[in-house]
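Numbering of residues begins at 1 and proceeds along the displayed sequence.
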Amino acid sequence: MNDELTLLAEAGAAAVVAAMATDLWQGTRDAVLGLFRRDAPDSAAPVGARLDEGAALVRMSAAPDDVRRALAGIWARELHELLRRDPACRVPLARLTAEVDGAFASGRAAVVLEQNNTARDSGTVFAVQHGDIHTTRGAGGATRRDPDDGPQ
């Protein structure tokens, strides 16, 4: 039984961290919180904070897969303890794991990119995701876009 719980906890943890920073994250996060809330209603807030911290680390990292690997061990322990305390969580955790795995297998889990740029006090922001941006300063400090960057 302990091996079964360990395997399920590891699979669940892999699904949870894989969903971080994807379109699946909010639903996965809510499902995990629901499991912990069943076991101990007061645990939802701290568990939610840890989930959010992990997702933020994945989102901001230059190497998100490395962060996911590190977080998987942490969440495997958390989920194993949850399953040990409340074995009734096995079925919902297995269902969540299958749903996340199925979404990735079918290509429904897209990476979510978030970017916030703010320029203040006559500042200028140059921002791009998944590409390059080339700018030059002309006479008088006016900024010009490189025509090779395509339409504005």
Side-chain angles (χ1 to χ4, degrees), residues 1-119 123-135 145-152:
M1 170 107 151
N2 199 25
D3 289 342
E4 178 187 331
L5 292 182
T6 299
L7 290 174
L8 179 55
E10 289 172 352
V16 168
V17 299
M20 290 178 173
T22 71
D23 288 342
L24 299 174
W25 177 238
Q26 195 59 52
T28 302
R29 178 191 182 279
D30 292 346
V32 171
L33 282 179
L35 293 175
F36 279 90
R37 197 174 290 119
R38 283 172 53 152
D39 175 57
D42 294 339
S43 70
V47 168
R50 289 194 305 274
L51 286 166
D52 292 340
E53 288 168 10
L57 287 172
V58 169
R59 195 172 39 253
M60 294 183 300
S61 176
D65 289 337
D66 292 343
V67 175
R68 283 185 174 103
R69 273 190 289 279
L71 291 171
I74 294 166
W75 284 104
R77 283 190 299 279
E78 293 266 354
L79 291 171
H80 187 272
E81 284 304 307
L82 172 68
L83 293 170
R84 190 185 56 73
R85 288 189 312 268
D86 187 359
C89 288
R90 282 188 284 173
V91 171
L93 180 59
R95 187 179 312 117
L96 172 65
T97 301
E99 288 171 5
V100 171
D101 290 347
F104 277 105
S106 68
R108 290 180 303 173
V111 174
V112 175
L113 300 173
E114 181 178 328
Q115 183 171 338
N116 298 304
N117 307 296
T118 305
T124 303
V125 173
F126 301 97
V128 68
Q129 289 183 337
H130 293 296
D132 297 316
I133 187 169
H134 305 278
T135 61
R145 287 180 43 92
D146 187 333
D148 293 335
D149 286 339
Q152 293 187 8

Next item on the list: Quick one: do Arg90 and Leu5 satisfy side chain to side chain contact (heavy atoms under 4.5 Å, CB included)? Show the steps, please.
Entry: CA-CA 8 Å; Arg90 282 188 284 173; Leu5 292 182; 3.5 Å; yes
Notebook entry, point to check: Step by step, would you call Glu53 with Leu57 a side chain to side chain contact (heavy atoms under 4.5 Å, CB included)?
Noted result: CA-CA 6 Å; Glu53 288 168 10; Leu57 287 172; 5.5 Å; no
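Evaluation of the side-chain hydrogen bond (donor to acceptor under 3.5 Å, both in side chains) rule for Arg77 yields no partner, not counting sequence neighbours. The side-chain contact (heavy atoms from CB on, under 4.5 Å) search around Ala63 returns Ser61, Asp66, not counting sequence neighbours. Arg37 pairs by the side-chain hydrogen bond (donor to acceptor under 3.5 Å, both in side chains) definition with nothing, not counting sequence neighbours. In this view, Arg38 and Asp86, Ala88, Cys89, Pro92 satisfy the side-chain contact (heavy atoms from CB on, under 4.5 Å) rule, not counting sequence neighbours. Applying the side-chain hydrogen bond (donor to acceptor under 3.5 Å, both in side chains) test to Asp101 and every residue at least two apart in sequence or in another chain returns nothing. Here Arg84 pairs with Glu81 under the salt bridge (charged side-chain N to carboxylate O under 4.0 Å, His left out) rule; sequence neighbours left out. Partners of Ala70 under the side-chain contact (heavy atoms from CB on, under 4.5 Å) rule, at least two apart in sequence or in another chain, do not exist in this structure. For the side-chain contact (heavy atoms from CB on, under 4.5 Å) test, residues two or more places apart in sequence or in another chain that qualify with Val125 are Asn117, Ala119, Ala127. With sequence neighbours excluded, the residues forming a side-chain hydrogen bond (donor to acceptor under 3.5 Å, both in side chains) with Glu78 are Arg50, listed by chain and number.
Nearest heavy-atom pair, Trp25 versus Ala19, reported as atom, atom and distance to 0.1 Å: CB-O, 3.4 Å.
Here salt bridge (charged side-chain N to carboxylate O under 4.0 Å, His left out) pairs that include residues 6-22, with residues two or more places apart or in two chains, number zero. Identified under the salt bridge (charged side-chain N to carboxylate O under 4.0 Å, His left out) test for residues 25-36, with sequence neighbours left out: Arg29-Asp52.
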